[in-house]
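Worth knowing before you read on, the calculation uses all heavy atoms, side chains too, and leaves out hydrogens, waters and symmetry mates. As the structure is a prediction and not an experimental result, all values here were calculated from the model.
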Amino acid sequence: MSKSELIYEKKTVYELASAETVKAAFDYAQGYKKYLDTSKTEREAVKESIAMAEKFGFCEYKLGDEIKVGDRLYYNNRGRNLFLFTVGSESINEGIRLTVAHIDAPRIDLKQCPLYDDGGMAFFKTHYYGGIRKYQWVATPLALHGVIATADGRLIDVCIGEDENDPLFYINDLLPHLGQEQSKLPLSEGIKGEQLNILVGSMPDSEENSIKLNVLKLLNEKYGIKEDDLLSAELCAVPAAKARDIGFDRSLIGSYGHDDRVCAYPILTALLDSLDSKHTSMCILADKEETGSDGPGGMQSELILDIINELARCLGGNPAVIRANSKCLSADVSAAFDPNFSEVFEKRNTPLLSCGAVFTKFTGSRGKSGTNDASAEYIGWLRSVLAKDNVIWQSGELGKVDCGGGGTVAKYISKHNIDTIDLGVPVISMHAPYEVVSKVDVYETYRACVAFYRY
Ligand code: MN
Ligand code: MN
């Protein structure tokens, strides 16, 4: 055997793939950027994903409906969580090819009594959502997204700041001239949670000379709501910036919320493109991963079992057998090696940018605590599947041992007796308001999902 056969060496997609594959990756990125801009919240991601699926012949499914071979269906769970599945020709007892990604992302949620004025400005009080670094969210343009449910039964969509003629929103920061004491604080304490107040106006109304009242009058004009309607609203501030190419060579994509739409888009588009698979395949776009996967749309919900049970009932299968034979890709991002912060990475086992899709055997922290640890057999099987389509992939671990850590939904799926492994895209500046990924990594993740559904 030659040296190059004996030694495993990580190589980039640019070294391994053809020029056509790189071109295809750049083309694929165009669709992904559009998805990013139209899907900044889980509700918007569900809407956009349904619109895409319907173009590929998917129809709405309701719990209790009959299901038959050849069906292409989606289940919209409360507008924030989406199940899509295709029913293959082989017995359902052969199991399901399952992929899961989350469509929620770190952001700044509004409190239920948000509006006040002080010092000549009106603000919204907030409670941040997910693991943010608070100092990154001040002094940056923000857009307001969400819904307001009124007591008379209306559900009002809100989206302000995405059109270039829209106003934007903003969180104030301290000027350096007066920031000497603040600058001495640890990074995590420089900006406090209760300082993340969103600037929403500064002009009083003409009758009462009240800035708060003026904002309420404008909200009433635009949406027909009163202040108490905000009690039943889900509104959040997200970065207003659009997804854009990064770098002279345009090889990277900058955007808010790559985590985890950079996995949601590949698992979704691969399912839409998998027309000829004999397997029953399912793609889940989950909510609430960033806060622990709770709630009816999070992966700790038993809805996944309800749907598997319904597939078994309609197709003559045994739910326990289906789960035992199912295979899952828990699709979530990984941290790419960053030479600017090399001290937290162990280079041999950290995902490298542009080296393809990342398979992570285990996550967790402090001695692999809280992890689904994918089996050697399952990874061996995956290697054979990925090799069939020459998918370029790498193994990866999140940073150095005992440097921190993190979890994914993998453990909430594998607890149902389903073989599961983490697959994803390496990200630079994960959880920042603007994150960066490599186009070729996104495309190899898509190709990995295509192979997974097919073989
Ligand atoms: Mn994630
Ligand atoms: Mn995350």
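- Taking CD1 of I96 as the reference point, atom OG of S281 lies at 9.0 Å (rounded to 0.5 Å).
- Aromatic rings from Y74 and F85 are positioned such that their centres are separated by 6.0 Å or more.
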Taking only distance into account, with no hydrogens and no angle test, what donor-acceptor pairs under 3.5 Å do side-chain atoms of residues 168-176 form with protein atoms, sequence neighbours excluded?
none

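- Atom CZ of R244 sits in a sparse spot, with 12 or fewer heavy atoms from other residues, nucleotides or ligands closer than 6.0 Å.
- Looking at I307 and Y75, their side chains come closer than 4.5 Å, going by heavy atoms from C-beta outward.
- When the shell of 6.0 Å around CD of Q30 is examined, it contains more than 12 heavy atoms from other residues, nucleotides or ligands.
- At least one side-chain heavy atom of E234 sits less than 4.5 Å from a side-chain heavy atom of R80.
- Side-chain contact between K125 and L110 is absent, with no heavy atoms from C-beta onward closer than 4.5 Å.
- Applying the 6.0 Å contact sphere to NZ of K415 captures more than 12 heavy atoms from other residues, nucleotides or ligands.
- Among residues two or more places apart in sequence or in another chain, the ring-ring contact (aromatic ring centres under 6.0 Å, His included) test is passed with W393 by F359.
- Atom NZ of K47 has 12 or fewer neighbouring heavy atoms from other residues, nucleotides or ligands inside a 6.0 Å radius.
- Distance check, rounded to the nearest 0.5 Å: NZ of K347 to CG of L352 gives 7.0 Å.
- The distance from the CG atom of L329 to the SG atom of C449 is 6.0 Å, given to the nearest 0.5 Å.
- Taking a 6.0 Å sphere around CD of E54, one finds it holds more than 12 heavy atoms contributed by other residues, nucleotides or ligands.
- Partners of D166 under the salt bridge (charged side-chain N to carboxylate O under 4.0 Å, His left out) rule, at least two apart in sequence or in another chain, do not exist in this structure.
- By the 6.0 Å contact criterion, NZ on K222 is open, its count of non-hydrogen atoms from other residues, nucleotides or ligands being 12 or less.
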Enumerate donor-acceptor pairs with a distance under 3.5 Å from any side-chain N or O in residues 397-409 to protein atoms, sequence neighbours excluded.
residue: K400; atom: NZ; partner: E343; partner atom: O; Å: 2.9
residue: T408; atom: OG1; partner: A410; partner atom: N; Å: 3.2
residue: T408; atom: OG1; partner: D422; partner atom: OD1; Å: 2.8
residue: T408; atom: OG1; partner: D422; partner atom: OD2; Å: 3.2

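- More than 12 heavy atoms of other residues, nucleotides or ligands sit less than 6.0 Å from atom NZ of K192.
- Every pair passing ring-ring contact (aromatic ring centres under 6.0 Å, His included) that includes a residue from residues 11-54 is listed here, sequence neighbours excluded: Y28-Y265, Y28-Y443, Y28-Y446, Y32-H258, Y32-Y265, Y35-Y265.
- Residues passing the side chain to side chain contact (heavy atoms under 4.5 Å, CB included) test with D117 are A122, S210, I211, K212, sequence neighbours excluded.
- Residues T38 and E44 have side chains not in contact (no heavy-atom distance under 4.5 Å, counting atoms from C-beta outward).
- A cation-pi arrangement is found for R107 relative to Y129, the charged atom lying closer than 6.0 Å to the ring centre and inside a 45° cone about the ring normal.
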- Verdict with supporting geometry, Y434 and Y256, ring pair (Phe, Tyr, Trp, His ring centres under 6.0 Å): CA-CA 5 Å; Y434 213 63; Y256 163 65; 9.1 Å; no
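- K11 contributes atom NZ, which lies 11.0 Å from atom CD1 of I392 (distance to the nearest 0.5 angstrom).
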